[in-house]
2 protein chains.
Amino acid sequence: MHDRLIARLQSVAGLTSDERAALNSVPHKVRTLGDRESILQEGDKASNCVALMSGFLYRQRIIGDRRQILSLHVPGDIPDLMTLYLPTMDHDLISVGQSTVAVAPHSALKSLFEKHPSLVHIFWRETLIDAAIFRHWVGNLGAMDAFHRVGQLFCELAVRLEFVGLFEKNSFSFPLTQYDVASVCGLSKVHTNRTIQVLRKQRLLIWRDDMVELPNREELEAAAEFSADYLQRKAKSV
Amino acid sequence: MHDRLIARLQSVAGLTSDERAALNSVPHKVRTLGDRESILQEGDKASNCVALMSGFLYRQRIIGDRRQILSLHVPGDIPDLMTLYLPTMDHDLISVGQSTVAVAPHSALKSLFEKHPSLVHIFWRETLIDAAIFRHWVGNLGAMDAFHRVGQLFCELAVRLEFVGLFEKNSFSFPLTQYDVASVCGLSKVHTNRTIQVLRKQRLLIWRDDMVELPNREELEAAAEFSADYLQRKAKSV
DNA sequence: CGACCAGTTGACGTAGATCAACCCATGTGG
DNA sequence: CCACATGGGTTGATCTACGTCAACTGGTCG
């Protein structure tokens, strides 16, 4: 399994060298994905899990004539870990930009868990944080306006990317379009564009081509009323 | 632990008599809760989990001057199961109407898992379904209008209550207010009221006092474009 | 008896959707 | 090497679903 994932689990939960070795030796294949390439579709039955190594993935559902992006995923995430126990996908999983994933069969993970029961809790915890993020977005979408939603999105990404070492000099690579951001935030692309312009005018966001910079992160977090508690980052201090 | 939970796990996952006995013997206390009584608040560190035995609970977050209900919980749910691994609450947990819960210490659950590793997967799966429900509501809140959101809510409750034997003659006890429904659906109470009136006029919903009846469930599910796939009910046929 | 709360209704205000151009960079085929 | 198509981004005009405000009803409770 990939280093980025192992490093994250290491810093979040602390791994014994034994566990680390076991994770390293999980059989897997590396797969490269092109822009907008689909990994899994609604209704598919998965028999593998994918750990994102580089790039971005998102999950989406088509609802009526709309596309809703349910979540964005950064390297180190295993966005289909739930297929271990809920094999039928209730949404699509898609790559944005060029990305690479490590694909490991369910059987390999299950035997990993048998040999190292302590790892079960570590992976379970990963799915709990995933759930906490969804829960947070239920709040965002139900109770916040456009400005706060878009602001929260960039704040959250900064924290999650920082956690895997991909947020440097207040910047990160971001191959999504404004329309993608709109689909995350439950907004139209026109209104999303205007909201981003407000963030730009307030010097809270610089977004050109595929790079996003947050020149004044604290101010952005304050403006968006963002708190990273739900991402459970305190584990970093372990 | 409570029968309602055990019965659900039984039908969902299938339990050996050994596992069932172990679940039955988990030490716990029964606690009765009044209307709007709080169990846990944002920031609390939990050292117990509660399994809902009767009544309703909801999770909420205060966002600005608004209250967002993140999820509703029916008997058989363990809405704070995640505190096993994420001890700090990022939201409040509150009772509606009179309800009873079984309170079991984390330590008891952890030793249960040690003695019966197979139960870990069953409980993990429970948290995955919890996450699937949040994910679904991200879609609902991001992409559906008021009519669909409110309709989806009643459809979902019917399925979840049916699963634990609390949906009979197309009816269930429902001690929430219209304002509560508004807080689930991310709507104002005035607009929620008007939306409910539309459902009533279309003979899809009868709601008087604390009882809800869905006289034409299929039609309601069609109108709300509801599909129960995400609740993973197929396990019922096991 | 008044206080309070859920529900209901009407009038009005607004955030954000929709529609329709237009710009610009990139890519493609003749 | 140009002609044109395509897809992001941007802008302005208009529309609408929903929020807000305010008033009134009818139960319930002390």
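Values in this document were obtained by computation on a predicted structure and should not be read as measured data. So that the names make sense, note that chain A is the first sequence line, chain B the second, and so on, each numbered from 1.
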Between E213(B) and N170(B): side-chain donor-acceptor atoms closer than 3.5 Å: no
Rounded distance (Å) that lies between atom P of dA25(C) and atom CZ of R208(A): 13 Å
Ring centres under 6.0 angstrom apart (F174(A), F154(A)): yes
If you restrict it to nitrogen or oxygen atoms, what contacts under 3.5 Å exist between nucleotides 8-18 of chain D and the protein, and what is each distance?
{"from": "dG9(D)", "atom 1": "OP2", "to": "Q178(A)", "atom 2": "N", "distance (Å)": "2.6"}
{"from": "dT10(D)", "atom 1": "OP1", "to": "R200(A)", "atom 2": "NH2", "distance (Å)": "2.9"}
{"from": "dT10(D)", "atom 1": "OP2", "to": "Q178(A)", "atom 2": "NE2", "distance (Å)": "2.7"}
{"from": "dT10(D)", "atom 1": "OP2", "to": "N193(A)", "atom 2": "ND2", "distance (Å)": "2.7"}
{"from": "dT10(D)", "atom 1": "OP2", "to": "R200(A)", "atom 2": "NH2", "distance (Å)": "3.0"}
{"from": "dT10(D)", "atom 1": "O5'", "to": "N193(A)", "atom 2": "ND2", "distance (Å)": "3.3"}
{"from": "dT11(D)", "atom 1": "OP2", "to": "Q197(A)", "atom 2": "OE1", "distance (Å)": "2.4"}
{"from": "dT11(D)", "atom 1": "OP2", "to": "Q197(A)", "atom 2": "NE2", "distance (Å)": "2.8"}
{"from": "dG12(D)", "atom 1": "N7", "to": "R194(A)", "atom 2": "NH1", "distance (Å)": "3.2"}
{"from": "dG12(D)", "atom 1": "O6", "to": "R194(A)", "atom 2": "NH2", "distance (Å)": "3.4"}
{"from": "dA13(D)", "atom 1": "N6", "to": "R194(A)", "atom 2": "NH2", "distance (Å)": "3.0"}
{"from": "dC18(D)", "atom 1": "OP1", "to": "A146(B)", "atom 2": "N", "distance (Å)": "3.1"}
{"from": "dC18(D)", "atom 1": "OP2", "to": "H191(B)", "atom 2": "NE2", "distance (Å)": "3.4"}

Atom-pair distance (CG on D210(A); P on dA25(C)), nearest Å: 16 Å
Atom-to-atom span, NE2 of H148(A) to P of dA15(C) - whole angstrom: 12 Å
By side chain to side chain donor-acceptor pair (under 3.5 Å) - contacts of D35(B) (at least two apart): none
R36(A): partners by side chain to side chain donor-acceptor pair (under 3.5 Å), with sequence neighbours left out: Y58(A), D180(A)
Main-chain N/O of L72(A) paired to R160(A) side chain as donor or acceptor, under 3.5 Å: yes
